[in-house]
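Just below is one structure, and these are the notes that go with it.
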There are 2 protein chains.
Amino acid sequence: MTNQKTTRIPRMTLSRLPLYYRTLCNLADEGTRRIKSADLGTATQVEPTTIRRDFSYFGELGRSGYGYDVGHLIRIFGEILEVDEPQYLALVGVGNLGRALLKNNFRRNPNMAIVCAFDADPGVIGEEINQVIVQPMAELGATIASLQINTAISTVPSHSLQQVSAKLVDNGIRSILSFAPEPVILPEFVNMRYLDLTSEVLNLLLLSERGQAAVAK
Amino acid sequence: MTNQKTTRIPRMTLSRLPLYYRTLCNLADEGTRRIKSADLGTATQVEPTTIRRDFSYFGELGRSGYGYDVGHLIRIFGEILEVDEPQYLALVGVGNLGRALLKNNFRRNPNMAIVCAFDADPGVIGEEINQVIVQPMAELGATIASLQINTAISTVPSHSLQQVSAKLVDNGIRSILSFAPEPVILPEFVNMRYLDLTSEVLNLLLLSERGQAAVAK
DNA sequence: CACGAAATGTGACGAGTTTAACAAAACGGA
DNA sequence: TCCGTTTTGTTAAACTCGTCACATTTCGTG
Ligand SMILES: NC(=O)c1ccc[n+]([C@@H]2O[C@H](COP(=O)([O-])OP(=O)(O)OC[C@H]3O[C@@H](n4cnc5c(N)ncnc54)[C@H](O)[C@@H]3O)[C@@H](O)[C@H]2O)c1
Ligand SMILES: NC(=O)c1ccc[n+]([C@@H]2O[C@H](COP(=O)([O-])OP(=O)(O)OC[C@H]3O[C@@H](n4cnc5c(N)ncnc54)[C@H](O)[C@@H]3O)[C@@H](O)[C@H]2O)c1
C-alpha cells in the first residue's frame with residue numbers, strides 16, 4: 001500500500017480534466033490547432049494560471065511563446081481519462097430520469113455506454129429502450145458478472161437507494177453515481193457519488209443571490 | 001482588501017445547506033424533535049465538527065448539552081434557502097432530459113417548479129407534459145416576462161446553447177443551469193452553472209481508479 | 001441547588017487549492 | 001543569427017476549508 005512513487009495529482013485538477021478534454025475536442029473540431037492558456041481560460045472559465053498548473057502535473061505539455069498543441073493535449077488527456085478503454089455501465093431504475101439517460105446513452109462518447117438496465121416494476125421489465133432491454137432485479141447479479149461491469153448509475157427513488165446500492169455492491173459494483181440524495185451506508189472501498197438535481201438548482205439560486213457583492217475577482 | 005463586510009459564508013457551507021435541510025425535514029417527518037451534531041453526522045455523512053462549524057455561521061443555533069431543535073433548524077435554513085418563496089423556473093429544450101425534469105418537476109419541493117417550457121421543434125410544441133404546455137421559442141419573452149421568472153434550466157444540445165442562453169438573458173433571465181457543457185459568452189451579471197452528466201461519470205471513474213497506475217510518470 | 005455529563009462553538013493548525021509574480025524558454029520576424 | 005515578444009512552468013504567498021482540542025455552556029438528576 002506504500003504507493004509513493006506516483007506523482008500525486010490533486011483531486012481538483014483531476015475533476016477539471018473532463019472539462020478540458022471536452023473543450024479541447026470542440027476546439028479541434030472547429031479546426032483549432034494550437035491554444036494558449038489565456039484563450040483556453042476564457043473558453044473553460046478557468047483561470048489561465050490554474051490551467052497551466054493543472055497541465056504541469058502531467059509533464060511539460062506546452063512550449064513557451066507558442067502555447068499548447070491541441071491534438072497533443074487531447075491525446076494525453078484522452079489516455080488519462082481512458083476514453084479509448086470502453087467503459088460499460090449498468091443502470092438501475094428506469095423511470096423518468098433513467099429513461100432519459102438510456103435514450104441518450106452518452107451518444108457523443110463512443111466508448112462510454114449503458115449496456116444493461118434493471119428495474120423492479122413489472123410494467124417496465126422487458127421494455128427495449130435504445131437497444132437495451134430492461135431486466136428484473138433478480139438478473140442483476142448474473143448480468144453484470146458476465147459483462148464484467150463495476151460501475152453503475154442509480155436513478156431509483158431515495159427510499160430504495162440503500163437497498164439497491166447494497167445489492168449492487170454485493171454483486172461486484174465498486175462505483176455508483178446516484179441521482180437520489182439519500183445518504184447510504186456502504187463498505188469503504190465503494191466509490192459513491194451523488195448528483196442531486198434539486199440541490200443543484202437550490203445552489204444556483206443561493207449563489208446568485210449571495211455571490212453578488214463578493215464576486216469581484 | 002479588508003473584506004470583513006458581512007460575515008462571508010463559505011461556499012462549501014452553502015452547498016451543504018440543501019442536504020442539511022432535506023435531512024432535517026425527513027427527521028421531522030419521523031417525529032424527531034431534537035438532534036445532536038453526532039447523529040446528524042451519521043445521517044448526512046458529514047463530520048459532526050463540520051456540521052457545528054457550518055451551523056455556527058448562522059448564529060448560535062444549538063444549546064450545549066442538548067443539541068439542536070429540529071424545527072428551529074428547519075425554520076432557519078428554510079428561510080436562507082427561501083423555500084417559502086415560490087421559485088418558478090423556465091425550461092428550454094424538451095428532449096430526453098427536459099422531459100424527465102418536467103415529468104418529475106421537483107414534486108418533492110412544493111415551492112419549486114418548472115412553470116413553462118419551450119422548444120424549437122414543431123413536433124414537440126403544443127404537447128402537454130405534467131400540466132405544462134410546450135411553447136414555441138417566439139413566446140419565450142412574453143411568457144417569462146408575465147410570470148416574472150429569472151431562472152432557467154437549459155437542456156438544449158451544446159451547439160444551441162450560446163444562442164439559447166443569449167435569448168434567455170435578453171429576456172430577463174439571470175441564472176441558468178445548463179446540462180450541455182458548452183462554454184458560452186454572457187454578460188458578467190449572469191449566473192451560469194453547468195451540470196455535465198458525462199463529466200460526472202468520467203470523474204466517478206477517475207476517482208475510483210486512485211491507487212492504480214494510470215497517472216504514473 | 002449542586003454537580004457530573006453532554007454537547008456546543010471556536011481558536012488553532014494543517015492540508016489542499018488558487019493566484020500573483022517572474023525567470024526561463026521558445027517563437028518568429030528581420 | 002539576433003533580438004524583442006510571447007507564453008510557459010514554477011516559486012512563493014494567499015486563501016479556503018476541514019478537523020482537532022478544549023473552554024464554555026447547558027442539561028438533567030440526585
Ligand atoms: N427527474 C427529476 O427531475 C428529478 C429531480 C430531482 C431529483 N430526482 C431524483 O432522481 C431519482 C429518480 O427520479 P425519477 O423521476 O426518474 O423517478 P421515477 O419514479 O420516475 O423512477 C424511479 C424508477 O426506479 C424504480 N425502482 C423503485 N424502487 C426500485 C427498487 N427497489 N429496485 C429497482 N428499481 C426500483 C421504479 O420502478 C421507477 O422505474 C429520484 O430519487 C428523484 O428524487 C429526480
Ligand atoms: N440525456 C443524457 O443522458 C445526457 C448525457 C450527457 C449530456 N447530455 C446533454 O444534455 C443535453 C440534452 O440532452 P437530451 O438527451 O435531452 O437531448 P435531446 O436531443 O433529446 O433534446 C434536446 C432538445 O432541445 C431542442 N432544441 C434544440 N435546439 C434548440 C434551440 N435552438 N432552441 C430551442 N430548443 C432547441 C430540441 O428540439 C430537443 O427537443 C445535451 O446537450 C446533451 O449533450 C445528456
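Salt bridge present: B/D54 and B/R16 bring a charged side-chain N and a carboxylate O closer than 4.0 Å. Ion pairing between a basic and an acidic side chain is recognised when a charged N comes within 4.0 Å of a carboxylate O; A/D196 and B/R22 show such pairing.
Put simply, CG on A/L17 is 13 Å from P on C/dT17, counting in whole angstrom units. Atom CG in B/D54 sits roughly 14 Å away from atom C1' in C/dT8 (whole-Å rounding). In this entry the distance linking CZ of B/R11 with C1' of D/dC15 reads 12 Å, nearest Å. Counting to the nearest Å, the C1' atom of D/dA14 and the CD atom of A/E47 are 14 Å from each other. Taking atom OH on A/Y66 and atom P on D/dG4, their separation rounds to 24 Å, with Å as the unit. Summarising the geometry, the separation between CD1 on B/I35 and C1' on D/dC27 is reported as 17 Å, rounded to the nearest angstrom. Atom CG of A/L14 and atom P of C/dT18 are 12 Å apart (whole Å). Here D/dC15 presents its P atom at 20 Å from CD1 of B/I9, a figure rounded to the nearest Å.
Within 4.0 Å (heavy atoms only), A/F55 reaches no atom of the nucleic acid at all. At the heavy-atom level, B/T13 lies nowhere under 4.0 Å from the strands shown.
Nearest nucleotide to the A/T49 side chain, out of C/dG9, C/dT19, D/dG28: C/dT19. For A/R52, the side-chain atoms get nearest to C/dC22 when compared with the rest of C/dT19, C/dC22, D/dC22. With D/dT10, D/dT8, D/dG18 as the candidates, the nucleotide lying closest to the side chain of B/R16 is D/dG18.
Between A/G65 and A/L61, the residue anchored closer to the 5' end of DNA chain D is A/G65, taking for each the nucleotide with the nearest heavy atom. If you find the closest nucleotide of DNA chain C to B/K36 and to B/S56, the one lying nearer the 5' end belongs to B/K36. Sequence order on DNA chain C of the closest nucleotides to B/A38 and A/T50 puts B/A38 first from the 5' end.
A distance below 6.0 Å separates the ring centres of A/F55 and A/Y20.
Neither OP1 nor OP2 of C/dA24 sits under 4.0 Å from any side-chain N or O of A/S64. Taking only side-chain nitrogens and oxygens, A/S37 comes nearer than 4.0 Å to OP1 or OP2 of D/dT8. For the OP1/OP2 pair of C/dG9 and a distance below 4.0 Å, the side-chain nitrogens and oxygens of B/Y68 include at least one atom meeting the criterion. Using a 4.0 Å cut-off, some side-chain N or O of B/R63 falls inside it from OP1 or OP2 of D/dC27.
Using modelled atom types, one finds no donor on one side chain facing an acceptor on the other under 3.5 Å when comparing A/Q87 with A/N111.
Of the possible polar contacts, none joining the A/D39 side chain to the A/I35 backbone as a donor-acceptor pair under 3.5 Å is found.
The residue from A/V92, A/D119, A/D121 that alone fulfils the side chain to side chain contact (heavy atoms under 4.5 Å, CB included) condition with A/M137 is A/V92.
Interface remark: the A/R53 side chain does form a donor-acceptor pair with the C/dT19 base, using a distance-only criterion of under 3.5 Å.
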